> 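Have a look at this one.
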Protein chains: 2
Amino acid sequence: MSADQITRIRDFSRAVAVEVGALEDSFLDRGRSLGAARVLNAIGIGYKNLSALRSFLQLDSGLLSRLLRGLEDEGLIETTTHPMDRRSRVSSLTEKGKQEFDLYEALSNERAAGILARHKDAPRLLQAMDVVTITLSRKDIVFEEVDYASAPAQHCLTAFADELSTRLNLTFDLKQSGDPELAQMKPPFGTFLVARLQGRPLGCVGVKGSGGPCAEIKRMWIAPSARGLGLARSMMTAAEEAARRLGIQTLRLDTNSTLFEAVSLYQNMGWHQIERFNADPYPDLFFEKHL
Amino acid sequence: MSADQITRIRDFSRAVAVEVGALEDSFLDRGRSLGAARVLNAIGIGYKNLSALRSFLQLDSGLLSRLLRGLEDEGLIETTTHPMDRRSRVSSLTEKGKQEFDLYEALSNERAAGILARHKDAPRLLQAMDVVTITLSRKDIVFEEVDYASAPAQHCLTAFADELSTRLNLTFDLKQSGDPELAQMKPPFGTFLVARLQGRPLGCVGVKGSGGPCAEIKRMWIAPSARGLGLARSMMTAAEEAARRLGIQTLRLDTNSTLFEAVSLYQNMGWHQIERFNADPYPDLFFEKHL
DNA sequence: ACATTTGCCTGACTTTAGTCAGGTAAATGT
DNA sequence: ACATTTACCTGACTAAAGTCAGGCAAATGT
């Protein structure tokens with residue numbers, strides 16, 4: 001744990017504290033105490049159960065109770081008992097509360113836009129922020145099976161195609177609507193997985209089947225900001241599990257030897273090299289794995 | 001100002017608030033109120049003048065006064081009147097206060113080390129943090145004329161040599177102690193500039209003269225984390241000004257055509273291409289500027 | 001010279017945050 | 001069934017943070 005690294009972390013925290021603090025301060029701009037504003041916003045973003053609110057905001061039961069009553073007196077929230085457990089209570093925004101919440105959102109957006117405006121000539125800032133965001137909250141990344149045609153899937157595929165196009169100096173379009181692969185990457189033949197962090201798509205992988213015992217891994221991609229976190233490995237694992245659930249016994253894939261990191265990942269995960277199984281010009285390495 | 005960018009800023013702020021908050025919390029670990037701890041630390045890092053303290057910590061005059069008195073009662077600080085203006089007062093740490101300050105520093109380092117430990121398998125995190133830190137606080141970057149042999153200069157030159165070595169697959173050593181260039185890059189012949197952010201060196205440039213009206217720009221380098229901020233331009237400007245102060249009338253430099261960003265910067269700043277003036281194998285483009 | 005401003009202190013006050021010991025009603029364990 | 005636990009509320013309290021008016025001494029303006 002070098003002193004230099006610690007200094008860099010502390011410099012970082014000092015530098016962002018100012019900007020991030022300004023964003024937090026927007027919660028004070030509407031004449032309400034910070035505590036009350038935080039509760040209102042937590043309810044607005046979906047923490048309705050009081051116990052969830054308490055643990056999210058790290059509030060004492062008594063304190064939360066009082067803040068809630070204050071918001072109720074203002075007519076911003078309503079609290080009812082939980083239908084399953086009548087000890088528990090559930091809060092929700094009233095119409096007036098929603099308006100107030102929207103005002104807080106607008107304020108926060110304004111502050112964020114202010115940060116952006118102050119640094120709009122620093123194109124690398126947002127990318128670097130993404131890397132930090134994703135790394136710090138990578139425990140929250142989830143894998144979802146979605147339709148190949150759904151918005152998050154299309155987001156990944158567009159980004160993937162753009163990346164391939166610039167890297168190989170060719171034009172790729174991986175998501176034509178009439179694509180015959182479309183049917184092969186949804187159940188019962190195959191599936192399509194995306195990795196998401198709080199809704200934002202960070203990567204994808206497709207399992208393309210034909211009803212038989214053999215299927216193919218396609219469209220494996222990780223967003224640049226999410227690389228270096230071992231996401232590829234967990235996404236491959238998730239894809240293999242999904243394939244197993246579909247009754248698939250053997251998976252194949254093609255890749256290019258210049259992608260050495262991917263190649264060593266496959267070898268590391270128990271894939272073994274096989275003979276060429278298609279005539280595509282781009283791939284020059286072929287792998288297989290028995291599930 | 002796209003909604004997507006605003007979302008990314010807000011996600012970033014949410015993600016770092018947790019970690020940064022934990023670092024701030026270390027101020028509570030020694031049984032003192034947050035306000036008192038912040039004042040003690042602000043004095044420790046150099047804010048001694050009360051008016052400077054007030055604006056740095058955004059404290060009400062009365063509040064600061066009381067916090068200071070509390071610290072005085074603990075024997076941690078001493079306050080004297082300002083020698084120039086006897087209305088103003090200046091605080092400084094006592095021996096006991098210094099010890100207490102060091103304990104806070106140790107706690108903060110510990111927390112930072114904790115963050116590092118939690119993410120040590122994310123090699124890109126620190127780099128990304130550096131980009132964020134430097135971009136957000138780039139207004140604080142200063143240029144200093146230093147000796148070619150000084151620590152910050154050597155830091156830059158080592159990094160520069162390493163970068164050249166890996167990029168060109170050769171071995172460079174730009175800072176041999178017996179280097180004849182050493183004398184030519186200090187007054188009265190030339191100079192050596194480093195760009196620093198709170199002490200950390202971010203880039204360098206040398207002006208190598210021989211006493212005559214003509215000098216050469218050498219060793220121009222910007223730390224990877226500090227690129228994309230226009231630092232190269234301001235560093236070149238600073239170098240030209242320093243050269244002018246030394247009585248130099250013409251500057252020359254050599255570069256390589258693959259460094260297209262540098263080349264377009266030179267053209268943009270009024271340099272014009274000239275004939276080859278040395279026999280080095282690496283450069284293939286030569287520029288000159290009359291000051 | 002004298003009014004004004006600046007820099008800081010003091011006292012009196014309010015608000016916010018946070019803690020803790022009960023208390024009630026519903027759910028759960030055995 | 002009855003003791004225990006859980007989920008929340010209430011009241012009483014303290015500590016910390018923040019506000020404001022006034023005051024004093026030194027500096028400054030004219």
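Throughout, protein chains are lettered first and strands after them, A, B, ... in sequence-line order, and every chain is numbered starting at 1. Nothing here was measured: the structure is a model prediction, and the numbers come from that model.
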> Tell me what A/Leu63 touches on the nucleic acid: a base, only sugar-phosphate, or nothing, going by heavy atoms under 4.0 Å.
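The residue A/Leu63 makes base contact.
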> Looking only at side-chain N and O atoms, does B/Arg87 come under 4.0 Å of OP1 or OP2 in D/dC24?
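Checking B/Arg87 against D/dC24: no side-chain N or O falls below 4.0 Å of OP1 or OP2.
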> Give me the ring orientation class for B/Tyr104 and B/Phe27: parallel if the planes are under 30° apart, tilted from 30 to 60°, perpendicular past 60°.
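Judged by the thresholds at 30° and 60°, the geometry between B/Tyr104 and B/Phe27 is perpendicular.
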> Measure CZ/A/Arg86 against P/C/dT24 and give the value in whole Å, please.
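My rounded result for the distance is 18 Å.
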> Select base, sugar-phosphate, or nothing to describe what B/Leu34 touches, counting heavy atoms under 4.0 Å on all strands.
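Counting heavy atoms under 4.0 Å across all strands, the contact made by B/Leu34 is with sugar-phosphate only.
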> Quick check for you: to the nearest 0.5 Å, what is the distance between A/Leu116 atom CG and A/Met129 atom CE?
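Here the interatomic distance stands at 8.5 Å.
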> Would you classify A/Arg38 as touching base, sugar-phosphate or nothing, given that sugar-phosphate means primed atoms plus P, OP1 and OP2, and contacts are heavy atoms under 4.0 Å?
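It contacts nothing in the nucleic acid.
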> Just call it for B/Arg66: base, sugar-phosphate, or nothing, with non-hydrogen atoms closer than 4.0 Å on any strand.
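Here B/Arg66 touches the bases of the nucleic acid.
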> Whether B/Arg69 contacts C/dC9 is assessed here as follows: a side-chain N or O lying under 4.0 Å from the phosphate OP1 or OP2. Is that the case?
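Checking B/Arg69 against C/dC9: no side-chain N or O falls below 4.0 Å of OP1 or OP2.
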> Which heavy atom in B/Gly75 sits nearest to a heavy atom in B/Thr94, and how many Å separate them?
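Looks like O-OG1, 2.7 Å.
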> Could you please name the option among C/dC8, C/dA26, C/dA17 that lies closest to any side-chain atom of A/Ser33?
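When the side chain of A/Ser33 is considered, C/dA17 is the closest of C/dC8, C/dA26, C/dA17.
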> Find the distance B/Asp60:CG to C/dC13:P and express it as a whole number of Å.
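The answer, rounded to whole Å, is 17 Å.
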> Under 4.0 Å between any heavy atoms, over every strand shown, what does B/Ser61 touch: base, sugar-phosphate, or nothing? Just pick one.
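Base, at least one base atom sits under 4.0 Å.
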> A/Arg32 near the nucleic acid: base, sugar-phosphate alone, or nothing, with a heavy-atom cut-off under 4.0 Å?
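No contact.
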